[in-house]
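Below: one structure, written as C-alpha cells.
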Amino acid sequence: MTRIILTEFINLLGGSMRILLIHSDHLKYQTKSKTRIAEKISEEKKKGEFENALVVFTAVEKEDEEKPEEVVLNAVKEINDVFGNVKAENIVIYPYAHLSSSLGSPEAAKNILANLESKLVQKNLPVSRVPFGWYKSFEVSCKGHPLSELSRSITPELSQVEEKTDEEKGEKSKFFILNEGKLIDPNKFSYNNQDLKKLVDYELGRGESSGKEPPHVKIMREKKLADYEPSADVGHLRWYPKGRLIRDLLSDYVYTLVTDRGAMPVETPIMYDLADDAIRVHAEKFGERQYRMGGGKKDLMLRYACCFGAFRVLSDSFLTWKNLPVGIYELSTYSFRLEKKGEVVGLKRLRGFTMPDLHTVCADLSQSLEEFQDQIEMCKKTGEDLDVNYEVILRATADFMQENKDWINHAAAMIGKPVLLEILPERKHYWICKMDFAAIDYLGRPIENPTIQIDVESGERFGITYIDPEENEHHPIILHCSPTGSIERVICSLLEKSALDMKEKAPMLPLWLTPTQVRIIPIAERHLGFATKLAEELRDAHIRVDVDDRPETVGKKIRNAGGEWAPFVVVIGDRELDGAELTVNVRETGQKVSMGLQELIDIIRLETKGMPYRPLPLPLNISRRVNF
RNA sequence: GCCUUAGUGGCUCAGCCGGUAGAGCGAUACCUUGGUAAGGUAUAGGCCGGGGGUUCGAAUCCCCCCUAAGGCUCCA
C-alpha cells in the first residue's frame, strides 16, 4: 500500500521540498550499506524502532537550496500541525530521495534535514532523524485513518503551504438559502422549518451527532421486512415476503410514474467491460468504490447505476430531433457500490441497492431545463404519495448560475419553500446543475432520496448523437433523474418517519404500502367460517387481508395486530354472525367504529386511489404463516 | 478502512474475579371457546460469533479473524 502511494506521489512533480507524512503504528529501519554521500553515524543510529510515530519521508529539491531557512520554517509548521492533529507520540524524519526527480545537492539536503531536526527539537517535540545516505531496509505500518497519509510540497514562501493531497482541493463551494429569489447567508437565515435547518447544519458540517442507532434498522428486522445476510458481502440484504411486497409496490409505483410521462423501460446488464474507453473513464471517477470481477479474460466492473446500460443503448440508437426529449427508464436491481465498511448502515447505505434511474435525452440546454422542471414536479409528487417530507438542495456551478439566474429562481420557487443553494466555483463532476431531495431521519440527518442532474459530458463521452432538422449531428444533454431515490432509502425514510410518529401516535406505513391492510379476528372457532368468508370478499375487492385463526385470546390477537401495524382490525363474534355491522378498530384514530363491509372497502379504496396494488403473498390464515 | 463498544436458544437480555449454561417473549402440546393491547400448565430449543492460546478445566483470561452499532471519512 505504501509503495503505491509513493509511486503516485512521485508523479506530482514540481520544485520544492517534498514530504510524505505517514501516521504509523510502528516504524522499523536498519541500515544496510553506505553510499558515497553517507553521513557518519554512531552505532546506535544504525537501526531504530518507533511506536505511534508520524513518519516524515522527505526529499530536498534544488530549489530549496536558495532559501533553506524559509523552507525549514514552513516544514516545521506543517509537521507540527499534522503532529498535533493525529496525536502521534514520535516524529521521525526519514530521508527519502525517491519523492523527487529534481533532487538538491546531498550537502544542502543534509544541512536542511539536520536543521529541520533541531528546529523541531527546539519546540520540544519528540523528534528523531534516520541517517542520510545509507541503503536502509524499513518497515512501516500505516494507521489508515483519514489523516494518516498526507503529502505536502513545502515552498520557501513565508507561511505558504501548498496542499497536495490525493484530491486537489480547489476553491470551496458557497452556500446560501434561496428564498423568493433572494440569497441569504445560511447563518443569518431565521428557520421556521426545523428539517431545513437540520439539513443545512449537516451540509455545512456542523450536524451534532447523538451517537444513537437509527431506528429503522430495528424496525426492518422486527417487522420481518429485511435483514442482513451474513453469507453475502457487507451491505447486501435479504428481503422477506412483506419487505419484498413493499419493494414491488414501490417498483410498480415508479414504473407507472415515469412511463405515464412517456419514458420507455429497458433492462441492461449489471456488469461492464473496462476495455471500453468511455466506460473506463466514467468508472474511474468512481475510484475505489467499484466491485471488480476478474476470473475470465475480461476486466469487468459491476454497475453502480444504470448509466452505462442506458448510454450504450442510446449511443447505438438512431436519434433525431423529432424524438427528443426522450426518456429511458430502468430499475437497477441491483446497483453496486463498494462503500467503506464503516459507512454501510441498515437501509440507508448499502453496497447492493435498487435504484430507479431515468435518463432523458435533450436536444439542448433549454430543452433540458424545461424537462428538469417537469421532473421537479415528479419528485415533489413522490414525497406526497409516500407521505414523506423532503428538503431540497439545489447545486449549480458558478457559470451555470450566472447564465441561468431566472431559471434557478423559478426552479427553487417550484419547491414552495426555502431551499439550500450550493454554488460550486467550477465543474467538478459531469453535471452543471442538480437538485437533491432529502428526507430527514429520526436523528436529524438527511437521507438523500430523489435527485435530478444535468449531465453535459456523457453525450460526447459515450458517442450519443442526434440529427437536427438540418441533418447536423449533435451530442445531446442528458438528464439523470431518480424520482424517489433508491427503493431501500425510500423504505428507510418511511421507517424513520414512523419512529418519529411513535412519539405521538401509532406508527404506520402509507395504506397502499401496508402488507396487512385488514386483520380479521374471530373470537371463537365457530366464528372462523364467517371470518374467512369476509376475508375472501375483501380479498376479491383487492384489499390485503388476513385472518388470525390461532386459538388465542382476543386481547392477545388485538395486540399482535397492533404489532404488525395493521391499519384496520375487525373482531368477529356472535354479534357480527347475527348480521350486525362490523366493529372496526381504526389504527390511525385509535377508535372503534361501526360500519358495514362495503363502507370499509370504500374507505380503503378511496385512500389507496391511484396507487399500485398487489395481493398479499402470504397465507390467509395466520396459523399457517412462517415465522421468519 | 481507522478508533471505540458489542456478539450467549428464533427475539430481548442475565451469567463473565475460570468449575455441569439461565430468564422473559416466541415455538410446540394440552387445558381454556373467549368481545378489544400478553389466560393457564408442560415440553423442546444453545459448538456462549469463528479460530488459536493459557489452564487439570474457558461463555468467562490472552491473541487473531468475522459481524454489528457509534464516531471519523465518504455517497462522483
Side-chain angles (χ1 to χ4, degrees), chain A residues 1 23-25 85-87 141-149 167 205 207-215 217-218 221-222 224 227-235 282-290 304-305 307 335 337-346 348-351 353 355 395 424 427-431 434 436 438 443 446-448 451 453 455 457 480 485-486 489 506 519 521-528 548 550-564 566 569-577 580 583-585 587 590-592 623 626-628:
Chain A
M1 181 179 195
H23 185 201
S24 67
D25 284 312
N85 283 336
V86 301
K87 300 187 178 67
S141 91
C142 177
K143 280 187 178 289
H145 60 75
L147 293 176
S148 65
E149 299 163 28
E167 209 178 313
E208 71 228 41
S209 41
S210 63
K212 295 264 177 54
E213 178 177 351
V217 180
K218 201 177 161 199
R221 306 172 82 173
E222 226 171 63
K224 306 295 178 189
D227 207 338
Y228 299 111
E229 174 48 70
S231 292
D233 188 19
V234 172
H282 203 75
E284 267 166 12
K285 300 201 162 195
F286 199 58
E288 297 290 302
R289 291 176 188 252
Q290 12 173 317
Y304 53 81
C307 303
S335 285
R337 298 186 188 183
L338 195 57
E339 306 290 12
K340 288 195 233 165
K341 246 175 121 182
E343 292 165 350
V344 175
V345 192
K348 194 170 180 179
R349 193 84 174 268
L350 290 158
R351 283 185 176 175
F353 60 95
M355 180 91 148
R395 305 181 206 261
L424 295 92
R427 193 168 92 217
K428 214 164 108 186
H429 311 302
Y430 55 74
W431 51 264
K434 72 188 289 210
D436 292 323
L443 299 170
I447 309 169
E448 284 175 26
T451 183
Q453 304 165 357
D455 177 352
E457 285 185 5
H480 300 237
S486 86
R489 279 189 179 171
R519 164 72 46 91
I521 298 178
I523 291 173
E525 242 175 82
R526 66 175 179 281
H527 307 122
L528 185 57
D548 193 343
R550 296 171 307 172
E552 295 290 348
T553 57
V554 174
K556 189 161 182 172
K557 290 198 245 188
I558 292 278
R559 187 185 157 85
N560 288 153
E564 289 188 44
V569 179
V570 183
V571 177
I572 300 299
D574 290 337
R575 290 205 294 271
E576 286 72 21
L577 234 48
T583 312
V584 181
N585 295 261
R587 182 174 177 81
Q591 305 272 304
K592 273 190 282 184
S623 68
V626 175
N627 215 335
F628 290 102

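Heavy atoms only: backbone and side chains are in, while hydrogens, waters and symmetry mates are out. Each chain gets a letter, A, B and so on, in the order its sequence line appears, and its residues count up from 1.
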Round to a whole Å and report the spacing from [atom1] of [X] to [atom2] of [N].
X      : N      : atom1 : atom2 : value
A/R427 : B/rA76 : CZ    : P     : 16 Å
A/R395 : B/rC75 : CZ    : C1'   : 11 Å
A/R550 : B/rG34 : CZ    : P     : 19 Å
A/K218 : B/rC13 : NZ    : P     : 7 Å
A/Y304 : B/rC75 : OH    : P     : 14 Å
A/E339 : B/rG1  : CD    : C1'   : 13 Å
A/D548 : B/rG34 : CG    : P     : 17 Å
A/R349 : B/rU73 : CZ    : P     : 13 Å

Say we look at [N] and [M]: how far apart would their [atom1] atoms be, to the nearest angstrom?
N      : M      : atom1 : result
B/rA58 : B/rG53 : C1'   : 11 Å
B/rG52 : B/rG70 : C1'   : 29 Å
B/rC25 : B/rA38 : P     : 13 Å
B/rU41 : B/rG26 : P     : 13 Å
B/rG19 : B/rA44 : C1'   : 27 Å
B/rU55 : B/rG18 : P     : 15 Å
B/rC16 : B/rA21 : C1'   : 12 Å
B/rG51 : B/rC66 : P     : 15 Å

Watson-Crick/G-U partner (both atom distances under 3.5 Å) of [N]:
N      : answer
B/rG35 : none
B/rA23 : B/rU12
B/rU67 : B/rA6
B/rU55 : none
B/rU28 : B/rA42
B/rG1  : B/rC72
B/rC17 : none

Where the side chain of [X] is defined as all heavy atoms beyond and including C-beta, which of [options] is the nearest nucleotide?
X      : options                : result
A/R489 : B/rA76, B/rC75, B/rG35 : B/rC75
A/I523 : B/rG34, B/rC75, B/rU36 : B/rG34
A/E343 : B/rG1, B/rA27, B/rU33  : B/rG1
A/A524 : B/rU33, B/rA37, B/rG35 : B/rU33
A/E576 : B/rG26, B/rU33, B/rG35 : B/rG35
A/V554 : B/rC75, B/rA27, B/rU36 : B/rU36

Quiz prompt | Earlier contact from the 5' end, RNA chain B, for A/R351 and A/F628 | solution = A/R351

Quiz item: Touch check for A/D574, heavy atoms < 4.0 angstrom, all strands: base, sugar-phosphate only, or nothing?
Solution: base

Quiz item: Heavy atoms under 4.0 Å, any strand shown: does A/K557 hit a base, just sugar-phosphate, or nothing?
Solution: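 Counting heavy atoms under 4.0 Å across all strands, no contact is made by A/K557.
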
Quiz prompt | Contact summary for A/V344 and A/G235, nearest pair of heavy atoms | solution =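 In this case the closest contact between A/V344 and A/G235 is CG1-CA, 3.5 Å.
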
Non-neighbouring partners of [X] that pass salt bridge (Lys or Arg N to Asp or Glu O under 4.0 Å), sequence neighbours left out:
X      : answer
A/R349 : A/E339, A/E343
A/R519 : A/D546, A/E564
A/K224 : none
A/R587 : none

Quiz item: With distance as the sole test, does A/R351 use its side chain to make a donor-acceptor pair with the main-chain N or O of A/R337 at under 3.5 Å?
Solution: no

Practice problem: Report yes or no: does A/K557 contribute a side-chain atom to a donor-acceptor pair with the main-chain N or O of A/R550 at less than 3.5 Å? | Solution: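 Flag set: sc A/K557 to bb A/R550 pair under 3.5 Å.
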
Exercise. Report the C-alpha separation of A/R489 and A/F353 in whole Å, then their side-chain angles, then the decisive distance to 0.1 Å, and conclude whether the side-chain contact (heavy atoms from CB on, under 4.5 Å) test is met.
Key: CA-CA 9 Å; A/R489 279 189 179 171; A/F353 60 95; over 6 Å; no

Under 3.5 Å, N/O pairs linking protein and nucleotides 38-45 of chain B:
unit_1: B/rA38; atom_1: N7; unit_2: A/R559; atom_2: NH2; d: 3.4
unit_1: B/rA38; atom_1: N6; unit_2: A/R559; atom_2: NH2; d: 2.7
unit_1: B/rG39; atom_1: OP1; unit_2: A/T553; atom_2: OG1; d: 3.2
unit_1: B/rG39; atom_1: OP2; unit_2: A/T553; atom_2: OG1; d: 3.2

Self-check item: All side chain to side chain donor-acceptor pair (under 3.5 Å) counterparts of A/H282, not counting sequence neighbours
Solution: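 In terms of side chain to side chain donor-acceptor pair (under 3.5 Å), with neighbours along the sequence ignored, A/H282 is linked to A/Y304, A/R461.
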
Quiz prompt | Test ring-ring contact (aromatic ring centres under 6.0 Å, His included) applied to A/H527 - qualifying residues, sequence neighbours left out | solution = none

Practice problem: Applying side chain to side chain contact (heavy atoms under 4.5 Å, CB included), name anything that partners A/V584, two or more places apart in sequence or on another chain. | Solution: A/F568, A/V570, A/L582, A/V586, A/M595, A/L600

Quiz item: Do other residues, nucleotides or ligands put more than 12 heavy atoms under 6.0 Å from A/E525 CD?
Solution: no

Check the interface with nucleotides 65-69 of chain B: list each N/O to N/O pair with the protein under 3.5 Å, or write none.
unit_1: B/rU67; atom_1: OP2; unit_2: A/K341; atom_2: NZ; d: 2.4
unit_1: B/rA69; atom_1: OP1; unit_2: A/Y228; atom_2: OH; d: 2.5

